[in-house]
Amino acid sequence: MSGQPEIPKMQYAQIFERKGGPIEYKQVLVKEPGPDEVLVNIKYTGVCHTDLHAWKGDWPLESKAPLIGGHEGVGYVVKLSARIDTTYQCGNLVEDIRVGDVVGIKWINDTCLSCEFCMNADEPLCAKALLSGYTVDGTFQQYAIGKANHVARVPPGLDLAAVAPILCAGITVYKALKESGAKPGMTVAITGAGGGLGSLACQYAKAMGLEILAIDTGKDKQDMCLNKLGAAKFVDFATTKNIVADVKAATEGLGPHAVIVVAANEKPFAQAAEYVRSRGTVVCVGLPAGARASADVFSMVTKMIKVCGSYVGNRADTQEALDFFKRGKISAPFKVMGMSQLQEVYKMMEEGKIVGRIVLDTSK
C-alpha cells in the first residue's frame, strides 16, 4: 500500500445490540483514531470461540453493548491521529508505525503498562486491559481502531488471511506450550487437536520439537492431525472405551509430559489430570461456559502434577508467534468465508463442524 489511502465515512460491520440478540450486518460510521491509536483497514479477521461466547453472554465478565466482535484482525494502517510531522505522518503518541504498515488487532487492545503485571510482562493480567471485540469494538468491521502500543507488527509479504488466526489462536497456544514447561523430545497431548486452537497448537508443538498426541474425534480430524499437523498418534475420544488407558498406552504407559486442553466442554479437563505423567503439567486454555476444572487431590500430590491456566500471550509472545509463522513453521488449515456469513460460521461452530479455523474476508 502506498500514498494516502481514501477512507470512507461509512463501512460494513457485524454488530449486535444485546447479548444473544440478532447480529446485524450493516453500515456503521468509521471512527477517528486518538493520539495513541491507529485506524486499520481490516482485510481478514479470524473467528474464535470467544466471539461466540461474547455474543451469547456466556462469561461472568461485562462486555460493551452494542458490540462489534472479533479480535483476530489483520490489515493496513490507513490513518493516525493529528499529525505533527507531515513527512512521516506521525500521530502525537505514535512513533514507530506509519501509514501503510501491516498490523494486527488482537484480544488485548490496550493495557496501562504501569501496573505490577504490565511491568513484569504479564500485561494480559492488567486490571485496566481493554479487550477487542468484548469491552471495545473489535475486528468484524472493515475499519477498526487499535492502540499503537499493542497492535502486532506483522512482517510484510505474508498471506494476511493465514496470519489472522495467529493473532489469537496462535499466540494463545504458543503461550500455553511455553507455560507447560515441555522441552524438545517430550510428549504433549492436545485435546481438541483438530479445531481452530488445537490445529495451531499441533503446529507450534511440532516447531518447538515436541512429540504430539492428538485427541479429538472423526476421520477428517484424525487424517488432518496425523498427515498434515505433525501428530505422531491420535486418540478418538468418542470411540474409545477408556480414554485414560488409551492415552497412557500411547505414551509408554506413563502419560504425556504435558496436556494442553483447548476443548470447548468440561469433561476433558478432569480427564487430563488422570492421564498426565507424574511431574507433568495440565494447561487449561479452553473456556467452556460454566465449566470447572477438577482433579483428585491424592493423585495430584503423589504424582506431583500441576494444573494451571494459560491466558493469552504478551507483546513479546505475539512477535515470537509471528516469527514462527514467518519462517514457514506454521501452516495450520483455514477456510475463508465472507464477513456477511458470520452467523453461518457461529452455527457451524456450535455444531462442531469446523475443521481448522474460519477466516472472514471483510470485503464480502
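Counting from 1, the numbers follow the sequence of the chain as shown.
Counting only heavy atoms from C-beta outward, the side chains of Y25 and L342 never approach each other to under 4.5 Å. With a 4.5 Å cut-off on side-chain heavy atoms, I305 and S299 do not count as touching. Y174 places a side-chain heavy atom less than 4.5 Å from the side chain of M208. Counting heavy atoms from C-beta outward, K306 and E179 have side chains that stay 4.5 Å or more apart. C284 is listed as a side-chain neighbour of V307, based on a closest heavy-atom distance under 4.5 Å. Proximity of Y134 to N109: side-chain heavy atoms (C-beta onward) are nowhere separated by under 4.5 Å.
Between W107 and H71, the two ring planes are perpendicular [angle over 60°; tilted spans 30° to 60°].
Here I358 contributes atom CD1 and F334 contributes atom CZ; the two are 10.5 Å apart, rounded to the nearest 0.5 Å. The distance from the CD1 atom of I7 to the NZ atom of K9 is 12.5 Å, given to the nearest 0.5 Å. Note that the CD1 atom of I105 and the SG atom of C168 stand 13.5 Å from one another [nearest 0.5 Å]. Atom CE of residue M348 and atom NZ of residue K335 lie 5.0 Å apart, to the nearest 0.5 angstrom. The structure places CZ of R315 at 6.0 Å from CG of N149, a figure rounded to the nearest 0.5 Å. Annotation: the span from E72 atom CD to I166 atom CD1 amounts to 9.0 Å, rounded to 0.5 Å.
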Ignoring hydrogens and angles, write down the donor-acceptor pairs under 3.5 Å from the side chains of residues 62-69, residues two or more places apart or on other chains.
| unit_1 | atom_1 | unit_2 | atom_2 | d |
| --- | --- | --- | --- | --- |
| K64 | NZ | P66 | O | 2.5 |
| K64 | NZ | D137 | OD1 | 3.0 |
| K64 | NZ | D137 | OD2 | 3.4 |

Enumerate, atom names and distances included, each donor-acceptor pair closer than 3.5 Å involving a side-chain atom of residues 322-331, sequence neighbours excluded.
| unit_1 | atom_1 | unit_2 | atom_2 | d |
| --- | --- | --- | --- | --- |
| D323 | OD2 | R327 | NE | 3.1 |
| S331 | OG | Q203 | OE1 | 3.2 |

Which atom pairs, donor and acceptor, lie under 3.5 Å between side-chain atoms of residues 210-220 and protein residues at least two apart or in another chain?
| unit_1 | atom_1 | unit_2 | atom_2 | d |
| --- | --- | --- | --- | --- |
| D216 | OD2 | A193 | N | 3.2 |
| D216 | OD2 | G194 | N | 2.7 |
| T217 | OG1 | D236 | OD1 | 2.7 |
| T217 | OG1 | D236 | OD2 | 3.4 |

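A side-chain donor-acceptor contact under 3.5 Å links Y204 to the backbone of A321. Judged by distance alone, the side chain of N41 and the main-chain N or O of Q142 form a donor-acceptor pair under 3.5 Å. The closest donor-acceptor contact from the side chain of E123 to the backbone of L113 lies at 3.5 Å or more, if one exists at all. A donor-acceptor distance shorter than 3.5 angstrom exists from the side chain of H257 to the backbone of T187, with no hydrogens or angles considered. The main-chain N or O of Y143 is found under 3.5 Å from a side-chain atom of Q11 such that the two form a donor-acceptor pair. Remark: side-chain polar atoms of D122 are not paired, donor with acceptor, to backbone N or O of L125 under 3.5 angstrom. Remark: the backbone N or O of I42 is paired with a side-chain donor or acceptor of T362 at under 3.5 angstrom. Side-chain atoms of T240 come within 3.5 Å of backbone N or O of N242 as a donor-acceptor pair. A donor-acceptor pair under 3.5 Å is formed between the side chain of W55 and the backbone N or O of G21.
Heavy atoms from other residues, nucleotides or ligands lying under 6.0 Å from NZ of K178 number more than 12. More than 12 heavy atoms of other residues, nucleotides or ligands sit less than 6.0 Å from atom CZ of F234.
The one candidate from D101, D96, T318 that meets the side chain to side chain donor-acceptor pair (under 3.5 Å) condition with R153 is D96. Screening I171, V312, T172, T111 for a side chain to side chain contact (heavy atoms under 4.5 Å, CB included) involving P124 leaves a single residue, V312.
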Step-by-step side-chain contact (heavy atoms from CB on, under 4.5 Å) determination, Y275 to T251: CA-CA 10 Å; Y275 59 65; T251 51; over 6 Å; no
Worked check of side-chain contact (heavy atoms from CB on, under 4.5 Å) between S278 and L254: CA-CA 8 Å; S278 294; L254 298 173; over 6 Å; no
side-chain contact (heavy atoms from CB on, under 4.5 Å) evaluation trace for L39 with V30: CA-CA 9 Å; L39 179 66; V30 175; 3.9 Å; yes
Working for side-chain contact (heavy atoms from CB on, under 4.5 Å), residues E32 and K79: CA-CA 8 Å; E32 288 288 323; K79 190 174 184 180; 2.7 Å; yes
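Residues that satisfy the side chain to side chain donor-acceptor pair (under 3.5 Å) test with E350, not counting sequence neighbours, are K56. Looking at residues two or more places apart in sequence or on another chain, you find no salt bridge (Lys or Arg N to Asp or Glu O under 4.0 Å) involving R279.
Put simply, F117 and L61 are part of the same group of oily side chains (I, L, V, M, F, W, Y) that touch within less than 4.5 Å, one to the next. Follow the hydrophobic side-chain contacts under 4.5 Å out from V188 and you never reach V282; the two are in separate clusters. Note on I260: it does not cluster hydrophobically with V276, by side-chain heavy-atom contacts below 4.5 Å among ILVMFWY residues. A chain of hydrophobic side-chain contacts below 4.5 Å, direct or via other Ile, Leu, Val, Met, Phe, Trp or Tyr residues, connects M339 to V47. In the hydrophobic clustering of this structure, V359 does not group with V345; members are Ile, Leu, Val, Met, Phe, Trp, Tyr whose side-chain heavy atoms approach within less than 4.5 Å, directly or through other members.
Residue V297 belongs to a hydrophobic cluster whose other members are V301, with links defined by side-chain heavy atoms closer than 4.5 Å.
The two residues R357 and C48 make their nearest non-hydrogen contact at NH2-CB, 3.3 Å. Between V154 and V103, the shortest heavy-atom contact is CG2-C, 3.8 Å. Scanning all heavy atoms of the two residues, the minimum distance from V38 to A148 falls at CG1-CB, 4.4 Å. Between D317 and G313 the shortest heavy-atom distance is OD2-CA, 3.4 Å. Nearest approach of L167 to G73, heavy atoms of both residues: CD1-O, 3.2 Å. Minimum heavy-atom separation, K128 to C112: CD-CB, 4.2 Å.
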